[in-house]
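Keep in mind the model is a prediction, meaning the values are calculated, not measured.
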Amino acid sequence: MFHSLVALIFFLVLYLALFPIAFVWIRLIWRVVVWRDYSGVALRKGEAPPNPQQIAPFFVGLNLIAGTVILAVIFYVPSAGWAMVNPEVFAQASLLDRFGVVVALPMLAYRDTLFGAHLDWVAIAGSTIWIKLMLGWALARHAHLKHEWAAKAAERAAKREAQRSGHDSASNQ
């Protein structure tokens with residue numbers, strides 16, 4: 001009993017967490033595509049890259065794919081959970097029992113089959129979240145990398161120039 005209660009709480013929390021995650025990712029797309037606000041594109045340490053318009057299509061594509069997958073999972077879970085419920089038993093149940101079934105929908109949909117294959121919505125949602133986070137980090141790293149290399153190269157050139165001018169002035173004396 002305790003194990004299934006823990007599983008129910010885990011599935012319910014994960015399912016409810018998908019709503020704000022999808023909202024934030026879709027809102028980021030809206031801000032870039034509709035409002036042309038590039039301030040949130042490929043942030044690294046709270047700073048936007050020097051040219052966020054170049055990175056914006058990749059940022060939008062990444063968020064669009066991840067947001068669509070999360071929305072698909074959000075819509076899939078209740079439909080798969082309801083497929084597992086016996087309608088006659090549900091119709092005769094008390095109100096409290098019906099509420100329990102509705103709360104347990106994410107757990108009922110956990111190992112549903114689609115075309116004979118097991119479809120694990122927790123694995124799909126979790127993998128999507130982690131892949132989006134890793135690819136977002138890589139995109140931000142790439143967007144800032146050229147700017148950092150250019151700044152470091154300019155700094156090294158300035159040091160070399162200072163050493164040469166110091167060396168030249170010392171040799172002239």
Side-chain angles (χ1 to χ4, degrees), residues 6-80 106-107 109-112 114-115 117-173:
V6 170
L8 174 66
I9 292 170
F10 172 74
F11 291 139
L12 192 60
V13 167
L14 178 62
Y15 181 69
L16 293 176
L18 294 178
F19 287 90
I21 290 171
F23 173 76
V24 168
W25 290 348
I26 300 299
R27 185 181 59 123
L28 286 172
I29 297 168
W30 183 265
R31 286 177 62 184
V32 172
V33 173
V34 176
W35 292 350
R36 302 279 187 224
D37 179 14
Y38 300 106
S39 62
V41 173
L43 294 179
R44 184 164 177 219
K45 297 180 183 175
E47 275 184 39
N51 51 359
Q53 290 87 358
Q54 284 184 332
I55 301 296
F58 303 105
F59 180 79
V60 167
L62 176 63
N63 282 302
L64 183 65
I65 292 170
T68 304
V69 170
I70 294 296
L71 282 176
V73 169
I74 286 172
F75 289 121
Y76 166 76
V77 168
S79 65
M107 190 171 175
Y110 178 59
R111 296 296 283 183
D112 187 37
L114 186 65
F115 303 117
H118 285 288
L119 185 61
D120 188 355
W121 71 267
V122 175
I124 293 170
S127 299
T128 302
I129 292 168
W130 278 108
I131 290 171
K132 195 272 181 195
L133 290 175
M134 288 186 278
L135 289 178
W137 177 83
L139 185 64
R141 179 89 176 159
H142 176 73
H144 289 268
L145 199 56
K146 290 181 183 178
H147 179 66
E148 289 175 5
W149 282 354
K152 287 181 182 179
E155 184 180 312
R156 284 193 301 263
K159 281 184 184 178
R160 276 192 235 122
E161 199 58 40
Q163 287 175 351
R164 285 183 189 154
S165 65
H167 182 61
D168 290 342
S169 64
S171 65
N172 288 341
Q173 293 175 357

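Nearest heavy-atom pair, Ala123 versus Ser127, reported as atom, atom and distance to 0.1 Å: O-OG, 2.7 Å. Counting all heavy atoms, side chain and backbone alike, His144 lies closest to Ala42 at NE2-O, 3.1 Å. The minimum heavy-atom distance linking Val69 with Ile124 is given by the pair CG1-CG2, 3.9 Å. A pairwise comparison of heavy atoms in Ala143 and Ile55 identifies CB-CG1, 3.5 Å as the closest pair. Taking every heavy atom of both residues into account, Arg44 and Ala140 meet most closely at CD-O, 4.3 Å.
The shortest distance between side-chain heavy atoms of Phe11 and Val77 does not fall below 4.5 Å. Side chains of Leu135 and Leu139 form no contact here, defined as non-hydrogen atoms less than 4.5 Å apart. Residues Phe59 and Pro52 form no side-chain contact, since every pair of their non-hydrogen atoms from C-beta on lies 4.5 Å or further apart. The shortest side-chain heavy-atom distance between Ile129 and Trp25 falls under the 4.5 Å cut-off. Side-chain contact between Pro49 and Gln54 is absent, with no heavy-atom pair separated by less than 4.5 Å.
Formation of a donor-acceptor pair under 3.5 Å by the Trp121 side chain with backbone atoms of Pro106 is found in this model.
In terms of the side chain to side chain contact (heavy atoms under 4.5 Å, CB included) criterion, residue partners of Ile26 (sequence neighbours excluded) are, by chain and number, Ile29, Leu71.
With rounding to the nearest 0.5 Å, the separation of NZ in Lys152 from CZ in Arg156 is 8.0 Å. Separation of atoms OH (Tyr76) and CD1 (Ile70) is listed at 14.5 Å; rounding is to 0.5 Å. Rounded to the nearest 0.5 Å, atoms CG (Leu62) and CG (Leu133) are 9.5 Å apart. Interatomic distance, CG of Leu28 versus CZ of Phe23, reported as 9.5 Å (0.5 Å rounding).
Counting heavy atoms of neighbouring residues, nucleotides and ligands inside a 6.0 Å radius, atom CD of Gln53 exceeds 12 of them.
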